[in-house]
Amino acid sequence: SKWLKPKKVGGARKTVGKVSKAKPKPTGTEDEDDDDLDDELLDDEMLDDELEGADDDDFLEPKAKGGRGNDMKKAGAGTRKTTARAHLLESDDEEDDDDSGDFLEDEHEGSSGGSESGSGSGSEDEDTSASDAEDSEDDDLKLDIEKDAEQLDEEARRVREDDDAELQTNIQRVNRFTLPSGQEIAQEEILAPDLAMVQQRIKDNLATLANFADLRDPQHSRQDYLDQLERDMASYYGYVPDLVQLFLRLFSPAEAYEFLEANEAPRPLTLRTNTLRTRRRELAQALINRNVNLDPIEKWSKVGLVIYESPVPIGATPEYLAGHYMIQSASSFLPVMALAPHEGERVLDMCAAPGGKASYIAALMRNTGMVFANDFKKDRLKGLTANLHRLGVTNTVVTNLDGRAFPRLLGRFDRVLLDAPCTGLGVISKDPSVKLQKDFKDLQRCQALQKELLLCAIDAVNADSKTGGYIVYSTCSVSVEENEMVVDYALRSRSVKVVPCGLDFGRAALTRYRDKRFHPSVSEARRFYPHVHNMDGFFVCKLRKFSNKLPSSAERKRVKGQATGPGEAAGERTKGPQEDTAKSVKKRIAPEPANDEDSGVDSEEDEDDIAPARRDKKYAKAARNAEEKSEAGG
């Protein structure tokens, strides 16, 4: 009879469900039926309690031993039963017949187990079912947009997990990077290298050098990795090893890689508006009418235009032939902007061909004053003269002289621009032959010539000029040997100082390079790089001459001795003429005439650098004499 009772209650619940779903009767018999049904359910509950109490007494300890604790257990079980049945009556209208029968069987078993063990396992099941019901209720109450948002968040979480897994995979791959063995290196020197493999090795090597402490191979030093990187870069990009070594000294490994990559891509085509003929807005409109895609250069220039696409050759338009613009790289604007010539001044462009900078100077001066456009190579004067005529320049004199002769022949200039001959390490994208034709010997030869030309440019300037007394030194190279070292030498050899060049962008020049230390004012000069500024590599430095008196030979020797003393060897820079006061300068500099010796470089400091250039010049002259004699004898 005990196990039949739940079925009876289930049947009663079925009757209740049917009564609740029936249509209401017009008479009051519905209330009477409900009262009878409630009395029947209460009788069933009391009978069930008595049966379960008797069973509990059979399975538990006797009453004489259990005492009050046993009564409390039964009271707790009875209370839980009453609560469960009350919950059952409230949910009759929502549950179906099968679920109600299962629930009652589970409830009966849970209550019996609770009376036997005294634990709350039945209440735990109720909490779980209640939490599941609440979750399903929350899901039903959520809007579609909230569900979509949760889906998107879940997808984003999965994407992040995939990215993290991929990153870990890449790190593991980098961890496996090992330097090639000697046999592999020898084999690559004999056979054509696999460029894809070399490129991947460069990237892995850069990743290792960036986190060397964690990714290094304990059997190899950092220099081993740098040596391998140098070989791979020279092989992949086609440079002589000397140049790659120079770039790795100048830049970090990662930035050297960016520099070499930038040299493989061409720089944007730019042109300069000739303000003697037109304005930039009018020129831009005329070119746009010819379907030329262009934009103004950045804010630092008011006359430059960048050409992206042109259906016609940009060097053959009617505007070009009429002299409205000059095709000119953006970096070559910078020296003239730093020079900032004034109207009515006397200006020298020592290395002027093909005329872009000289015509820009004339335009800034509005064809007033006088400009001397000089170039040492006679065959380049034709293009220089043609461009000046086309652009409408009328205040310029074209000369064909050695720049080192100007202090003796034509001096007292207000301003001098020296765009010195160089190795061209900043314009490799225009001239890829530099990769294989230049080395450290070329750097030394160019450095010796640049020192001579810069000292002559300084001597050609009039320090007493009311508006001038400025020299701008520039090169299209990024090497320190051709830039900071040359300027530092001029600071120690002449009465000049570095002043701000007026350019609000670009990187500051270096004051420390390996074991070299330069004057702190050198940082006023500016460096420009293709991978940073998207223009040709360039160096611009502006100098101010504050005295026309030349240092004596004894003074130059003293400066040379100070430069090679223990202080310089220890990395400490000694003072030059520009660091002394005007009074001390007058005391120690004896007035001497500007002759050939004083105008050039005659000190012993650069004899080692100048000797190879002079020797080459003698060999060339001897070869010409021998050739002339052979022709005369023939």
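What you are looking at is a predicted structure, and each value in this text was computed from that prediction instead of being measured. In what follows, residues are counted from 1 in the order of the sequence shown.
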Kindly check if the number of other-residue, nucleotide or ligand heavy atoms within 6.0 Å of CD (Glu298) is above 12?
no
Arg158 atom CZ, neighbour heavy-atom count above 12 within 6.0 Å
yes
Could you grab the distance from atom [atom1] of [X] to atom [atom2] of [Y], nearest 0.5 Å is fine?
{"X": "Arg272", "Y": "Gln328", "atom1": "CZ", "atom2": "CD", "result": "5.0 Å"}
{"X": "Thr270", "Y": "Asn534", "atom1": "OG1", "atom2": "CG", "result": "10.5 Å"}
{"X": "Ile307", "Y": "Leu271", "atom1": "CD1", "atom2": "CG", "result": "4.5 Å"}
{"X": "Arg201", "Y": "Lys203", "atom1": "CZ", "atom2": "NZ", "result": "14.0 Å"}
{"X": "Leu226", "Y": "Phe212", "atom1": "CG", "atom2": "CZ", "result": "8.0 Å"}
{"X": "Cys351", "Y": "Leu417", "atom1": "SG", "atom2": "CG", "result": "8.5 Å"}

Can you name the salt bridge (Lys or Arg N to Asp or Glu O under 4.0 Å) partners of [X], sequence neighbours left out?
{"X": "Glu319", "answer": "Arg290"}
{"X": "Lys302", "answer": "none"}
{"X": "Glu484", "answer": "Arg527"}
{"X": "Glu255", "answer": "Arg507"}

Test side chain to side chain contact (heavy atoms under 4.5 Å, CB included) on Tyr239 and Ile428 and set out the steps.
CA-CA 11 Å; Tyr239 286 83; Ile428 297 176; 3.6 Å; yes
Can a side-chain donor-acceptor contact be found between [Y] and [X] if the only test is distance below 3.5 angstrom?
{"X": "Glu261", "Y": "Tyr237", "result": "yes"}
{"X": "Asp232", "Y": "Gln228", "result": "yes"}
{"X": "Ser331", "Y": "Arg267", "result": "no"}
{"X": "Gln450", "Y": "Glu482", "result": "yes"}
{"X": "Thr475", "Y": "Asn483", "result": "yes"}

[X] side chain vs [Y] backbone, donor-acceptor pair below 3.5 Å:
{"X": "His519", "Y": "Ser521", "result": "yes"}
{"X": "Ser235", "Y": "Arg231", "result": "no"}
{"X": "Lys497", "Y": "Arg544", "result": "no"}
{"X": "Ser332", "Y": "Ser329", "result": "yes"}

Is there side-chain contact between [X] and [Y], with at least one heavy-atom pair below 4.5 Å?
{"X": "Tyr489", "Y": "Leu455", "value": "yes"}
{"X": "Arg380", "Y": "Lys377", "value": "yes"}
{"X": "Leu250", "Y": "Val478", "value": "yes"}
{"X": "Leu391", "Y": "His324", "value": "no"}
{"X": "Val461", "Y": "Leu543", "value": "no"}
{"X": "Tyr360", "Y": "Asn274", "value": "no"}
{"X": "Leu305", "Y": "Arg280", "value": "yes"}
{"X": "Tyr225", "Y": "Gln223", "value": "no"}

Salt bridge or not for [X] and [Y], using N-O below 4.0 Å?
{"X": "Lys441", "Y": "Asp439", "result": "no"}
{"X": "Asp488", "Y": "Arg492", "result": "yes"}
{"X": "Asp442", "Y": "Arg445", "result": "yes"}

Carefully, step by step, assess Val472 and Val540 under the rule side chain to side chain contact (heavy atoms under 4.5 Å, CB included).
CA-CA 7 Å; Val472 170; Val540 180; 4.2 Å; yes
Of all residues at least two apart in sequence or in a different chain, which pass the side-chain contact (heavy atoms from CB on, under 4.5 Å) check with [X]?
{"X": "Leu229", "answer": "Ile202, Asn205, Leu206, Leu209, Met233, Leu248, Pro253"}
{"X": "Arg157", "answer": "Glu154, Arg160, Glu161"}
{"X": "Glu524", "answer": "Val498, Pro500"}
{"X": "Ile288", "answer": "Leu294"}

Would Asp242 and Lys438 satisfy salt bridge (charged side-chain N to carboxylate O under 4.0 Å, His left out), going step by step from the backbone distance to the final call?
CA-CA 8 Å; Asp242 286 353; Lys438 304 298 181 181; over 6 Å; no
Residues pairing under side-chain hydrogen bond (donor to acceptor under 3.5 Å, both in side chains) where one sits in residues 425-435, two or more places apart or in two chains, turn out to be Glu264-Lys435, Lys430-Asp536, Asp431-Ser433
Output, in order, the C-alpha distance, side-chain angles, deciding distance and verdict of side chain to side chain contact (heavy atoms under 4.5 Å, CB included) for Leu454 and Leu418.
CA-CA 7 Å; Leu454 181 55; Leu418 173 59; 4.1 Å; yes
Give a yes/no verdict on a cation-pi contact between Arg415 and Tyr470, requiring under 6.0 Å between NZ or CZ and the six-membered ring centre and an angle within 45° of the axis.
no
Contacts of Phe251 meeting ring pair (Phe, Tyr, Trp, His ring centres under 6.0 Å) (sequence neighbours excluded), chain-then-number -> Phe259, Tyr529, His531
Shortest non-hydrogen separation from [X] to [Y] and the atoms involved:
{"X": "Leu425", "Y": "Ser477", "answer": "CB-OG, 3.8 Å"}
{"X": "Cys476", "Y": "Cys422", "answer": "SG-SG, 3.1 Å"}
{"X": "Val434", "Y": "Thr423", "answer": "CG1-O, 3.8 Å"}
{"X": "Ser310", "Y": "Val292", "answer": "OG-CG2, 3.6 Å"}
{"X": "Tyr320", "Y": "Gly315", "answer": "CD2-O, 3.2 Å"}
{"X": "Pro341", "Y": "Ile361", "answer": "CG-CG2, 3.9 Å"}

All pairs passing ring pair (Phe, Tyr, Trp, His ring centres under 6.0 Å) where residues 295-316 contributes a residue, at least two apart:
Trp300-Phe505
Can you list the residues that meet the side chain to side chain donor-acceptor pair (under 3.5 Å) rule with Asp419, with sequence neighbours excluded?
Lys357, Ser474
Given Thr273 and Arg281, is the side chain to side chain contact (heavy atoms under 4.5 Å, CB included) satisfied, shown in steps?
CA-CA 9 Å; Thr273 305; Arg281 180 180 300 177; over 6 Å; no
